[in-house]
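Have a look at the structure below, then the notes.
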Amino acid sequence: MECLRLRLPKSIIIFVCLWIVASMTVSGSDRCDFKAIFNYGDSNSDTGGLAAAFGQPSLPHGESYFHHPAGRYCDGRLIIDFIAKKLGHPYLSAFLDAVGSNFTYGANFATAGSTILPQNTTLHQRGGYSPISLDVQFTQYSDFQRRSHTFWQKGGVYQKLLPEAQDFSRALYTFDIGQNDLTSGFFRNMSADQVKAYVPDLLAQFKNVIKYVYDHGGRSFWIHNTGPVGCLAYMLELHPFTTAHLDTAGCIISYNEVAQFFNRELKATVVQLRKELPLAAITYVDVYSVKYSLISQPKKHGFKETVRACCGHGGKYNYNMHIGCGAKKKVDGKEVLVGKPCKDPTVWVNWDGVHYTQAANNWVFDQIVDGSFSDPPLPLTRACHRHPN
Ligand SMILES: *[C@@H]1O[C@H](CO)[C@@H](O)[C@H](O)[C@H]1NC(C)=O
Ligand SMILES: *[C@@H]1O[C@H](CO)[C@@H](O)[C@H](O)[C@H]1NC(C)=O
Ligand SMILES: *[C@@H]1O[C@H](CO)[C@@H](O)[C@H](O)[C@H]1NC(C)=O
């Protein structure tokens, strides 16, 4: 710590020093020099993983920003894109994407439909879960780390495509996963209590993976909790919920309670991990509260539509699980778009009944970036500093 040596009366010098000390203890003194981002997750942060293996989500996905399909289940960018941008990095390449990827600033292991625990279903069964669950994402990361090291030493183009060995401990490890583990129970018609009963198994696995990453040199972790899944059209259309099941925002009360239960347990897991991993800085980010505040008070934040899908087909929520966003149908021998987008996605919270619009993602990012919803309350750019306890 340094005090500014100014030619001013003594009292002012003391004031400047104290202010620096205070800001250090509250939020850490320096901006972290994150060399890379390694992301684990589901469609909330998939920048092309599932698309690389199973095909691109078609237009109008990507219409608001990339102007072509860009591997994202969104009209534009996701929270992870805004995180990369804020750190001054390019958008994160999906690990599975063989064409045009550049992993200098990290890699994205997330795929749409991923779960913490492996599911016993295929992508094409009800729910549509990805086979690339969290354990597989970790295996991919581990292999990526080992081979990056080997190939970097060969020089040439490899040094322009891969991170350096020491970047792995100076990276930010981001996590946004768990939503699909909860919905898999809902799709199997489990009660809220039945789903809650397996949450400890989910978090035991989640904890293992954080520890494996730590053992591989990971030190800075940025963990999103799960969002209000009961506010999403694909859940609202699952059963004929009566208004008694819904809150004033139009969300399923019991499903959101399960999400909040998961989040409380996740937070307790993070507290435990801080004790077990003494060199780790682990930031828990309450994305749930931010998303719920947007859905319950849209007008205050410049939005008009909340639970209805911007892009979809018919029904109360403009959501039909058989005719998704971008779906086409043959009419008189001609292909016509039936999963159509709304006119102005910038005032809609929900994109396709499952995912948020770019406008909503951007808004959520703006709320969480300064640490207001984090424990400890560290801004994104300072998330390498350990919890002061
Ligand atoms: C999948 O099947 C295995 C073996 O039957 C079981 O142990 C596991 O709990 C199942 N997973 C889920 C998510 O149902
Ligand atoms: C990959 O990205 C880095 C950082 O933006 C850049 O320096 C490098 O030249 C890129 N590699 C290739 C092969 O374009
Ligand atoms: C869940 O219940 C619905 C009726 O609400 C039924 O149509 C569906 O087959 C059930 N699914 C499972 C997996 O039991």
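Note: hydrogens, waters and symmetry copies are ignored here, and every other heavy atom, side chains too, is used. Model, not experiment: these values are computed from the prediction.
- Taking hydrophobic clusters as Ile, Leu, Val, Met, Phe, Trp and Tyr residues chained together by side-chain heavy-atom distances below 4.5 Å, Val99 does not share a cluster with Tyr91.
- Residues Lys196 and Glu257 share a closest heavy-atom pair of CE-O, 4.4 Å.
- Phe82 and Tyr105 are not part of a single hydrophobic cluster, where members link through side-chain heavy atoms under 4.5 Å apart.
- In this structure, His216 has its ring center closer than 6.0 angstrom to the ring center of Phe138.
- Without hydrogens or angle criteria, Thr381 side chain to Arg31 main chain gives no donor-acceptor distance under 3.5 Å.
- The environment of His149 atom NE2 is sparse: at most 12 non-hydrogen atoms of other residues, nucleotides or ligands sit within 6.0 angstrom.
- Thr104 places a side-chain N or O within 3.5 Å of a backbone atom of Lys160 that can act as its donor or acceptor partner.
- There is a path of hydrophobic side-chain contacts, each under 4.5 Å, that joins Val287 to Val270.
- Taking NZ of Lys340 as the reference point, atom SG of Cys310 lies at 13.0 Å (rounded to 0.5 Å).
- Sorted pairs that involve residues 130-230 and meet disulfide (SG to SG under 2.5 Å), not counting sequence neighbours, are lacking altogether.
- By the 30° and 60° cut-offs, the orientation of the rings of Tyr234 relative to Tyr319 is perpendicular.
- Distance CZ/Arg146 to CZ/Phe151: 9.0 Å, rounded to 0.5 Å.
- Taking each heavy atom of Ala171 and Phe34 in turn, the nearest pair found is C-CD2, 3.8 Å.
- The nearest pair of heavy atoms linking Met190 to Tyr198 is SD-CE2, 3.6 Å.
- Counting only N and O atoms by type, the side chains of Asp370 and Ser372 include a donor and acceptor under 3.5 Å apart.
- When Asp46, Asp81, Asp97 are each tested for a salt bridge (charged side-chain N to carboxylate O under 4.0 Å, His left out) with Arg72, only one passes: Asp81.
- Disulfide status for Cys325 with Cys311: present, SG atoms under 2.5 Å apart.
- Between Tyr284 and Asn263, the shortest heavy-atom distance links the atoms OH-O, 3.2 Å.
- Minimum heavy-atom separation, Tyr255 to Val229: O-CG1, 3.9 Å.
- With hydrogens and angles disregarded, a donor-acceptor distance shorter than 3.5 Å links the side chain of Ser296 to the backbone of Tyr292.
- Atom CG of Leu202 and atom OG1 of Thr115 lie 9.0 Å apart (nearest 0.5 Å).
- Side-chain atoms of Asn350 come within 3.5 Å of backbone atoms of Asp352 as a donor-acceptor pair (strictly under, hydrogens ignored).
- The backbone N or O of Trp363 lies less than 3.5 Å from a partner atom in the side chain of Gln367, making a donor-acceptor pair.
- Glu305 contributes no side-chain N or O that, together with a main-chain N or O of Val347, makes up a donor-acceptor pair within less than 3.5 Å.
- Ring centroid separation for the pair Phe144 and Phe103 comes in under the 6.0 Å cut-off.
- Asp42 and Gln179 share no donor-acceptor pair across their side chains, judged by distance under 3.5 Å alone.
- In this structure a side-chain-to-backbone donor-acceptor pair under 3.5 Å is missing from Asp75 to Ser64.
- Here the side chain of Trp222 pairs no donor or acceptor atom with the backbone of Leu380 at under 3.5 angstrom.
- Atoms NE2 and OG1, from His224 and Thr283 in turn, are 10.0 Å apart once rounded to the nearest 0.5 Å.
- In the model, Thr174 has a side-chain atom that pairs as donor or acceptor with a side-chain atom of Asn39 under 3.5 Å.
- The only member of Leu134, Asp176, Ile177 that meets side-chain contact (heavy atoms from CB on, under 4.5 Å) when paired with Ser114 is Ile177.
- Hydrophobic clustering keeps Phe66 apart from Ile80 (ILVMFWY residues linked when any side-chain heavy atoms are closer than 4.5 Å, directly or through intermediates).
- The backbone N or O of Arg170 sits nowhere less than 3.5 Å from a side-chain atom of Asp167 that would complete a donor-acceptor pair.
- Rounding to the nearest 0.5 angstrom, the gap separating the NZ atom in Lys316 from the CG atom in Asn318 is 13.5 Å.
- For Thr47 (side chain) and Leu92 (main-chain N/O), a donor-acceptor pair under 3.5 Å exists by modelled atom type.
- By the criterion of side-chain heavy atoms lying less than 4.5 angstrom apart, applied directly or through intervening Ile, Leu, Val, Met, Phe, Trp or Tyr residues, Tyr356 is not grouped with Trp348; the two fall into different hydrophobic clusters.
- In summary, the aromatic rings of Tyr214 and Phe221 are positioned with their centroids too far apart to meet the 6.0 Å limit.
- Ring pair Tyr141/Tyr173: centre-to-centre distance below 6.0 Å.
- Between the side chains of Gln119 and Ser184, at least one donor N or O sits under 3.5 Å from an acceptor N or O.
- Asn180 contributes atom CG, which lies 5.5 Å from atom OH of Tyr129 (distance to the nearest 0.5 angstrom).
- The minimum heavy-atom distance between His385 and Asp30, with the atom names listed, is NE2-O, 2.7 Å.
- Two residues are said to be in side-chain contact when any heavy atoms from C-beta on lie closer than 4.5 Å; Met321 and Glu237 fail this criterion.
- Taking a cutoff of 4.0 Å between a charged side-chain nitrogen and a carboxylate oxygen, Lys35 and Glu164 do not qualify as a salt bridge.
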